[in-house]
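Worksheet: one structure, shown below.
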Amino acid sequence: LMPTDIVVLAAGKGTRMNSHIAKVLHPLAGEPLIHHVVHTAKRVEPRHIAVVIGHQGAEVRASFADDDSGLLWVEQQEQLGTGHAVKLAKEQLPDDGVMLILYGDVPLISQQTLTACENAAKNGNLGLVVAEFSDPAELGRIIRDDTGAVREIVEFKDATSEQRQISEINSGILAAPTTHLAQWLSRLQSNNAQQEYYLTDIIAMAAQDGVDVVPINAVSEAEVTGVNDRIQLAQLERHAQKQRVDQLMLAGASFADPSRVDIRGRIRVGKDCFIDANVLLTGEVELGDGVSIGPGCVISDSRIGAGTQVLPNTLVDGADVGPACSLGPFARVRPGSVLGSGVKIGNFVETKKTRLGDNAKASHLAYLGDAEIGRDVNVGAGTVTCNYDGVNKHRTNIGDGAFIGTNSTLVAPINIAAKAFVAAGSALTKDVEKDQLAVGRSRQRNIDGWSAPSNSSEKNT
């Protein structure tokens, strides 16, 4: 079997983006455009992936710092066209396979289409991905002969008015045996309107050399749409979001309004999940069976156990939430929070690096940071674990079945044993033993004959 080598072209500046950021680094569904392309390329299981970089090349390469396995980096110092870029990449790749050319600003290309293109090349042909566009604008046009065979591609700037009426466009994505491609690249010339080496000129060369050009029809316009400006980026974002929501619905989730959810990561859902409007899911998120996410919630890099309800306007970030919990409304569950089964985190409660045992509850208005809270603990409204002394963080430990009264201040480090009771309004600095009642209040005095102070102007009248 002939191995496949992939070349991703990502050297362009993207002038029409009007940005200080390289075009291929602009995000789509939470990831840079080029990352979508490389992820899909890896699913084809190629021998090598060569990425041609130029404008802000260091930044493009740095974006793969955590995942650049198998990537070869090729620098195109002069922007002399797509043909020149592929020729530079070819110099670093073997001749004994096929080469598949992709673009860093065409993010939604599918594995299915790439495999079809790759297979055409493995059969000794040139595979070319084409599409019918309702508005082909300034894209290159496919020129066929009387038999319907593809003969050449004409770039818009070089096309006649008659050729510009053609709606079948060139996506730029193609594959061919590497030995053929090397010969065609050596014959490229820059006698065109842009004075660049067009990769598309090899189509006519293939036809002249008797190599069949096999057109591969893209599934949709969006699959082969490149991003040239922010309007196109926004249009592709909507398409990408629809794809992701459709996948989750097929996996068992229901949406109140599929058009008002944003997915910026890798999401797994169980059966019968419900996701309301204006929800944002980012990073690695797993929702168990029957999870319900209310409107306006943001869930990031978290696991939510089966049957848990996340009520409106709640933020969950970097948390491991057990089954049958209730979070919110207006709660904030921060990184390092681990919640057992049946835990309740109510309105305006914030947790951070805190573990709550089964059936523990903090129903409203509390801050629980750097704490270990046991089973069946009740945390009253207004409770604060004072975990920071200005230099270091300290732990609060609360045993099973303890009761923390309203408006309690727990100054860490502190241990409150199982079944201890903290009276409302207490400020505690010492450990509390099992079954003890802790009262940490100042003494109340009621003063008779008290009259409210009056201002000086009243005294002078």
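Positions are given from 1 along the sequence.
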Inset, instruction - Check the pair Asp105, Lys23 against salt bridge (Lys or Arg N to Asp or Glu O under 4.0 Å), reporting the backbone distance first and the verdict last. - result: CA-CA 7 Å; Asp105 61 355; Lys23 177 169 64 172; 2.7 Å; yes
Inset, instruction - Output, in order, the C-alpha distance, side-chain angles, deciding distance and verdict of salt bridge (Lys or Arg N to Asp or Glu O under 4.0 Å) for Arg375 and Asp358. - result: CA-CA 5 Å; Arg375 299 166 57 95; Asp358 295 348; 3.0 Å; yes
Legend entry - Worked check of side-chain contact (heavy atoms from CB on, under 4.5 Å) between Thr225 and Val106: CA-CA 6 Å; Thr225 296; Val106 183; over 6 Å; no
Inset, instruction - Before giving the answer on side-chain hydrogen bond (donor to acceptor under 3.5 Å, both in side chains), spell out for Glu31 and His39 the whole-Å C-alpha distance, their side-chain angles and the decisive distance to 0.1 Å. - result: CA-CA 11 Å; Glu31 288 188 275; His39 291 331; 3.0 Å; yes
Inset, instruction - Carefully, step by step, assess Val432 and Asn415 under the rule side-chain contact (heavy atoms from CB on, under 4.5 Å). - result: CA-CA 6 Å; Val432 183; Asn415 299 296; over 6 Å; no
Legend entry - side-chain contact (heavy atoms from CB on, under 4.5 Å) assessment of Val321 paired with Ile345: CA-CA 11 Å; Val321 179; Ile345 300 295; over 6 Å; no
Legend entry - Ile404 vs Ile398, side-chain contact (heavy atoms from CB on, under 4.5 Å): CA-CA, chis, key distance, verdict: CA-CA 9 Å; Ile404 311 300; Ile398 302 175; 4.2 Å; yes
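No more than 12 heavy atoms of other residues, nucleotides or ligands lie within 6.0 Å of NZ in Lys419, so this atom counts as exposed by the packing criterion. Other residues, nucleotides and ligands place more than 12 heavy atoms under 6.0 Å from the NZ atom of Lys42. The environment of Lys361 atom NZ is sparse: at most 12 non-hydrogen atoms of other residues, nucleotides or ligands sit within 6.0 angstrom. Atom CZ of Arg238 has more than 12 neighbouring heavy atoms from other residues, nucleotides or ligands inside a 6.0 Å radius. Atom NZ of Lys352 has more than 12 neighbouring heavy atoms from other residues, nucleotides or ligands inside a 6.0 Å radius. For CD of Gln112, the number of neighbouring non-hydrogen atoms (other residues, nucleotides, ligands) closer than 6.0 Å is 12 at most. Counted within 6.0 Å of CZ on Arg395, heavy atoms from surrounding residues, nucleotides or ligands total more than 12; the atom is thus considered enclosed.
Looking at every heavy atom in both residues, Ala10 comes nearest to Ile34 through CB-CD1, 3.4 Å. When every heavy atom of Val349 is checked against every heavy atom of Ser363, the shortest pair comes out as CG2-C, 4.2 Å. Across every non-hydrogen atom of Val333 and Ala319, the tightest pair is CG1-CB, 3.7 Å. Taking every heavy atom of both residues into account, Ala402 and Ala417 meet most closely at CB-O, 3.9 Å.
Of the possible polar contacts, none joining the Thr354 side chain to the Thr351 backbone as a donor-acceptor pair under 3.5 Å is found. The main-chain N or O of Ile263 is found under 3.5 Å from a side-chain atom of Gln241 such that the two form a donor-acceptor pair. Gln436 places a side-chain N or O within 3.5 Å of a backbone atom of Glu433 that can act as its donor or acceptor partner. The backbone N or O of Asn125 sits nowhere less than 3.5 Å from a side-chain atom of Asn123 that would complete a donor-acceptor pair. Judged by distance alone, the side chain of Ser341 and the main-chain N or O of Gly322 form no donor-acceptor pair under 3.5 Å. In this structure, Asp289 contributes its side chain and Lys271 its backbone to a donor-acceptor pair below 3.5 Å. Judged purely by atom type and a 3.5 angstrom limit, Glu221 has no side-chain atom pairing as donor or acceptor with the backbone of Ala218. Side chain of Ser302 to main chain of Glu286: no donor-acceptor pair is present (N/O by atom type, distance under 3.5 Å, no hydrogens or angles). Put simply, the side chain of Arg268 never gets that close to the backbone of Leu248: no donor and acceptor are under 3.5 Å apart. Between the Tyr103 side chain and the Gly172 main chain, a donor and an acceptor come within less than 3.5 Å of each other.
Checking Ile373, Asn397, Leu410 one by one against Ile416, the side chain to side chain contact (heavy atoms under 4.5 Å, CB included) holds for a single residue, Leu410. Each of Ile216, Ile6, Ile109 was checked for a side chain to side chain contact (heavy atoms under 4.5 Å, CB included) with Leu114, and the lone residue meeting it is Ile109.
You'll find the side chain of Phe64 reaches within 4.5 Å of the side chain of Trp73, heavy atoms only. Counting heavy atoms from C-beta on, the side chains of Thr4 and Glu45 never come closer than 4.5 Å. Using a 4.5 Å heavy-atom threshold, the side chains of Leu368 and Glu350 count as separate. Between Leu428 and Val422, the closest side-chain pair of non-hydrogen atoms falls below 4.5 Å. For the pair Leu108 and Leu28, the minimum side-chain heavy-atom distance is below 4.5 Å. Considering only heavy atoms from C-beta on, Leu281 comes within 4.5 Å of Ile275 through its side chain. Under the 4.5 Å side-chain criterion, counting only non-hydrogen atoms from C-beta, Glu237 is not in contact with His239. For the pair Pro32/Pro27, no side-chain contact is recorded, criterion being any heavy-atom separation below 4.5 Å from C-beta on.
The line from CG of Leu327 to SG of Cys297 is 8.5 Å long, rounded to the nearest 0.5 Å. The CD1 atom of Ile293 sits 10.0 Å away from atom CZ of Phe255, with the distance rounded to the nearest 0.5 Å. Remark: Asp5 CG to Leu100 CG distance equals 10.0 Å, nearest 0.5 Å. Of the inter-residue distances, the one linking Asn228 atom CG with Glu138 atom CD reads 9.0 Å to the nearest 0.5 angstrom. Note that the CD1 atom of Ile101 and the NZ atom of Lys90 stand 11.0 Å from one another [nearest 0.5 Å]. Atom CD1 of Ile21 is separated from atom CD of Glu59 by 10.0 Å, given to the nearest 0.5 angstrom.
Salt bridge status for Asp320 with Arg303: present, with a side-chain N to carboxylate O gap under 4.0 Å. One finds no salt bridge joining Arg244 and Asp246 here, because no Lys/Arg side-chain nitrogen approaches an Asp/Glu carboxylate oxygen to under 4.0 Å.
Counted by atom type alone, Glu155 and Thr200 present one or more donor-acceptor pairs between their side chains at under 3.5 Å. Using modelled atom types and a 3.5 Å distance limit, the side chains of Thr396 and Glu372 yield no donor-acceptor pair. Defined by atom type and a distance below 3.5 Å, a donor-acceptor pair is missing between the side-chain atoms of Thr385 and Asn387. Counting only N and O atoms by type, the side chains of Thr113 and Ser110 include a donor and acceptor under 3.5 Å apart. Side-chain atoms of Arg43 and Thr40 include a donor-acceptor pair closer than 3.5 Å. At a cut-off of 3.5 Å, with distance as the only test, no side-chain donor of Gln56 or His20 sits close to an acceptor on the other residue. Defined by atom type and a distance below 3.5 Å, a donor-acceptor pair is missing between the side-chain atoms of Gln247 and Gln243. Looking at Gln309 and Ser292, their side chains never bring a donor and an acceptor atom within 3.5 Å of each other.
Aromatic ring centres of Tyr388 and His394: separated by at least 6.0 Å.
Relative to the six-membered ring of Phe156, Arg141 misses at least one condition, a distance below 6.0 Å or an angle of at most 45° to the axis.
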